[in-house]
Amino acid sequence: MSRYVFTSESVTEGHPDKICDQVSDAVLDALLAQDPASRVACETVVNTGLCLITGEVTTTARVDFNTLVRGVIEEIGYSGARAGGFDARSCAVLIALDQQSPDIAQGVDEADDHDGDPLDKIGAGDQGIMFGYACDETPELMPLPISLAHRLARRLAQVRHDGSLPYLLPDGKTQVSVVYENDLPVAIDTILISTQHTAEIDGISDEKGLRERIAADLWSQVVEPSTADLNLQPDRETTRFLVNPTGKFVVGGPQGDAGLTGRKIIVDTYGGYARHGGGAFSGKDPTKVDRSAAYAARYVAKALVAAGLARKVEVQLSYAIGVAKPTSILVESFGTGSIDNSSLTALVQEHFDLRPGAIIETFGLRELPQQRGGRFYQDVAAYGHFGRRDLDLPWENVAAIAATLQQATAGRVATGAGA
């Protein structure tokens, strides 16, 4: 019997890096809502009293970036007396956006392997490798550690916003360690929550008293509600529960640490449980395969697991800048497949169109902000881009394609062909 502990982390929307991701994606939403053909590569930097947006943009849209940025920061919770050195109303907002390089644009506009098919016309916006993953550990087909870490982080923000725990401030991190036996989760070993808070809570100001109060509140208001529907639940007696291990967490957000777009790529994906190609998502329009092909790879992996063709699947895609067709496709089922990996890869090649233009069309990636009231990508910028049961994400909707895959492989699986 193999036994091990695997750990994943998440961060709240008020974490400095996540502020940047949300600002970058709010810029993307605003531009695509007006001009779905916008080319966007927007990076954000935050520090005490400062928010800078920079990068390359080609668009016909007209956006008041100053107002947009301040709105995102205020919505997260950085405003007023408790803003802590980073107030939406008074921070400096600097805009340094240039136009996209024509050398990149020509390869995206007219793919090198374009053969007349309109979907062949869009070349990949950059070279790179992307991974997608799915497994049957949770209903959303995500690894349990990252799923739990996101649940706790979302709940931490919820009880702050609704006033249940009014002393909480926006910055925070969660971490969950899960015990596995024979690759199956059997227990929750450790839960760690670090959350920013006011210097005093109901007259309590000493570190020991603050930590005890916060720990009691977080267990009842965050941990228990976040895990109530799970078969595998933490136990107050046996699960190690760590809260603000340094003693207190008063100074946080951009006042405590600078933030950058794209610095939480493991939080955004699978919590380290699967490999990562290295490309970030936020602030990039759909021609950037770092984003769109990663969504497609997740779609493929989830469809294969949902179809019952494997218990866990990792999909790797690779692209060349200015070329439409992937340079490689690889499927790995870690010995859990009902057919072998080469047969799964052939199945993917037959049933999925993984050219950038086809991915954009399949998921409607350019039109989503316009269709959803001017806001889509900002909502996926915090708490993960995959397995989101709180959002209707097109790359998570695999019921139809999973049924197709089941039909396509029914005879092969029944006879054991390819196994």
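No hydrogens, no waters, no symmetry mates; every other heavy atom, side chains included, goes into these values.
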Q: Compare every heavy atom of P185 with every heavy atom of L144, then report the nearest pair and how far apart it is.
A: CD2-CB, 3.7 Å
Q) Is Y319 reaching over with its side chain to a backbone N or O of K325, donor-acceptor style, under 3.5 angstrom? A) no
Q. Is any side-chain heavy atom of H150 less than 4.5 Å from a side-chain heavy atom of S8?
A. no
Q. Side chain to side chain contact (heavy atoms under 4.5 Å, CB included) with A307: which residues, sequence neighbours excluded?
A. L309, A402, L405, Q406
Q) Quick one: CD1 on I53 to CD on E43, what's the gap to the nearest 0.5 Å? A) 11.0 Å
Q. Just by modelled atom types, is the C20 backbone N or O under 3.5 Å from a matching donor or acceptor in the S24 side chain?
A. yes
**Q.** Sub-4.5 Å side-chain heavy-atom contact between L28 and D285
**A.** yes
**Q.** Nearest atoms (heavy-atom pairs only) where A324 meets P356
**A.** O-CD, 2.9 Å
**Q.** Gap between atom CD of Q22 and atom CD of E75 - 0.5 Å precision
**A.** 7.5 Å
Q. Any sub-3.5 Å donor-acceptor pair from T12's side-chain atoms to P170's backbone N or O?
A. yes
**Q.** Residues V186, L232; criterion side-chain contact (heavy atoms from CB on, under 4.5 Å); working and verdict
**A.** CA-CA 7 Å; V186 297; L232 186 62; 5.6 Å; no
Q.
If we check salt bridge (charged side-chain N to carboxylate O under 4.0 Å, His left out) with D25, which of these qualifies: R291, K284, R375?
A. R291
Q: Ignoring hydrogens and angles, tell me if any N or O in the side chain of Q316 forms a donor-acceptor pair with the backbone of L330 under 3.5 Å.
A: no
Q) Taking C-beta and beyond as the side chain, do F131 and L317 meet within less than 4.5 Å on heavy atoms? A) no
Q) Q196 versus V250: any side-chain heavy-atom pair under 4.5 Å? A) no
Q: State, to 0.1 Å, how close G308 and S338 come at their nearest heavy-atom pair, and which atoms those are.
A: O-OG, 4.0 Å
Q | Results of salt bridge (Lys or Arg N to Asp or Glu O under 4.0 Å) for D35 - residues two or more places apart only | A | none
Q: Search all heavy atoms of I146 against all heavy atoms of V267 and return the closest pair with its distance.
A: CD1-O, 4.1 Å
Q) Can you tell if the side chain of L97 reaches within under 4.5 Å of the side chain of F65, non-hydrogen atoms only? A) yes
Q.
Given 3.5 Å as the limit, does a donor-acceptor pair link the side chain of S292 with the main chain of P286, or not?
A. yes
Q: Taking atom types as modelled, find out whether S328 and S318 have a side-chain donor-acceptor pair closer than 3.5 angstrom.
A: yes
**Q.** Least distance between heavy atoms, V40 atom then K288 atom
**A.** O-NZ, 3.4 Å
(Q) Between E56 and R39, does any side-chain N to carboxylate O distance fall below 4.0 Å? (A) no
Q.
Would D183 and Y4 count as a side chain to side chain donor-acceptor pair (under 3.5 Å) here? Give the steps.
A. CA-CA 8 Å; D183 287 337; Y4 59 90; 2.9 Å; yes
Q) Which pairs with one or both residues in residues 7-21 pass salt bridge (Lys or Arg N to Asp or Glu O under 4.0 Å), sequence neighbours excluded? A) E9-K173, E13-R160, D17-R263, D17-K264, K18-D21, K18-D268
Q: Working to the nearest 0.5 Å, report the span between CD of Q255 and OG1 of T48.
A: 5.5 Å
Q. How far does OH of Y133 sit from NE2 of H276, to the nearest 0.5 angstrom?
A. 15.0 Å
Q | Check against ring-ring contact (aromatic ring centres under 6.0 Å, His included), F281 and Y377 | A | CA-CA 10 Å; F281 300 155; Y377 291 104; over 10 Å; no
Q | Worked verdict on R70 versus N66 for side-chain contact (heavy atoms from CB on, under 4.5 Å) | A | CA-CA 6 Å; R70 294 185 191 281; N66 191 296; 2.7 Å; yes
Q) Name the one of D379, D392, D29 that satisfies salt bridge (charged side-chain N to carboxylate O under 4.0 Å, His left out) with R372? A) D392
Q.
Is there a side-chain contact between V63 and L31 in this structure, where contact means two heavy atoms from C-beta onward sitting under 4.5 Å apart?
A. yes
Q: Drop me the distance from F334's CZ to C135's SG, to the nearest 0.5 angstrom.
A: 10.0 Å
Q: Could you list the residues that satisfy side chain to side chain contact (heavy atoms under 4.5 Å, CB included) with S226, not counting sequence neighbours?
A: R151, L152, R155, V222
Q: Quick one: sort the F6 and Y273 rings into parallel, tilted or perpendicular, breaks at 30° and 60°.
A: perpendicular
Q. Shortest non-hydrogen contact from I19 to F86?
A. CD1-CE2, 4.3 Å
Q. Where do Q175 and S10 land on the side-chain contact (heavy atoms from CB on, under 4.5 Å) test, with the steps shown first?
A. CA-CA 6 Å; Q175 187 169 288; S10 182; over 6 Å; no
Q: Verify, without hydrogens or angle tests, whether Q34 (side chain) and A61 (backbone) share a donor-acceptor contact under 3.5 angstrom.
A: no
Q: Report the residue from H385, R389, R298 that forms a side chain to side chain donor-acceptor pair (under 3.5 Å) with E396.
A: R298
Q) Taking atom CD of E140 and atom CD of E137, what is their separation to the nearest 0.5 Å? A) 10.5 Å
Q. Considering residues at least two apart in sequence or located in another chain, which fulfil the side chain to side chain contact (heavy atoms under 4.5 Å, CB included) criterion with L165?
A. V159, Y167, L168, D217, L218, Q221
Q | All pairs passing side-chain hydrogen bond (donor to acceptor under 3.5 Å, both in side chains) where residues 240-250 contributes a residue, at least two apart | A | T190-R240
Q. E314 side chain to R275 main-chain N or O, any donor-acceptor pair under 3.5 Å?
A. yes
Q | Donor-acceptor side-chain pairing of N341 and S333 below 3.5 angstrom | A | yes
Q | side-chain contact (heavy atoms from CB on, under 4.5 Å) evaluation trace for D353 with T362 | A | CA-CA 9 Å; D353 191 340; T362 297; 5.8 Å; no
**Q.** Min side-chain heavy-atom separation W219-R236 under 4.5 Å
**A.** yes
Q.
Treating S343 as the side-chain partner and I339 as the backbone partner, does any N or O pair qualify as donor plus acceptor under 3.5 Å?
A. no
Q | ring-ring contact (aromatic ring centres under 6.0 Å, His included) assessment of Y299 paired with W395 | A | CA-CA 5 Å; Y299 180 69; W395 52 89; 9.5 Å; no
**Q.** Heavy-atom check, side chain of V348 versus side chain of L304, under 4.5 Å
**A.** yes
(Q) With a 3.5 Å distance limit and no angle check, can you tell me whether N182 reaches the backbone of L184 through a side-chain donor-acceptor pair? (A) no
Q) Are the side chain of N47 and the backbone N or O of L50 linked by a donor-acceptor pair below 3.5 Å? A) no
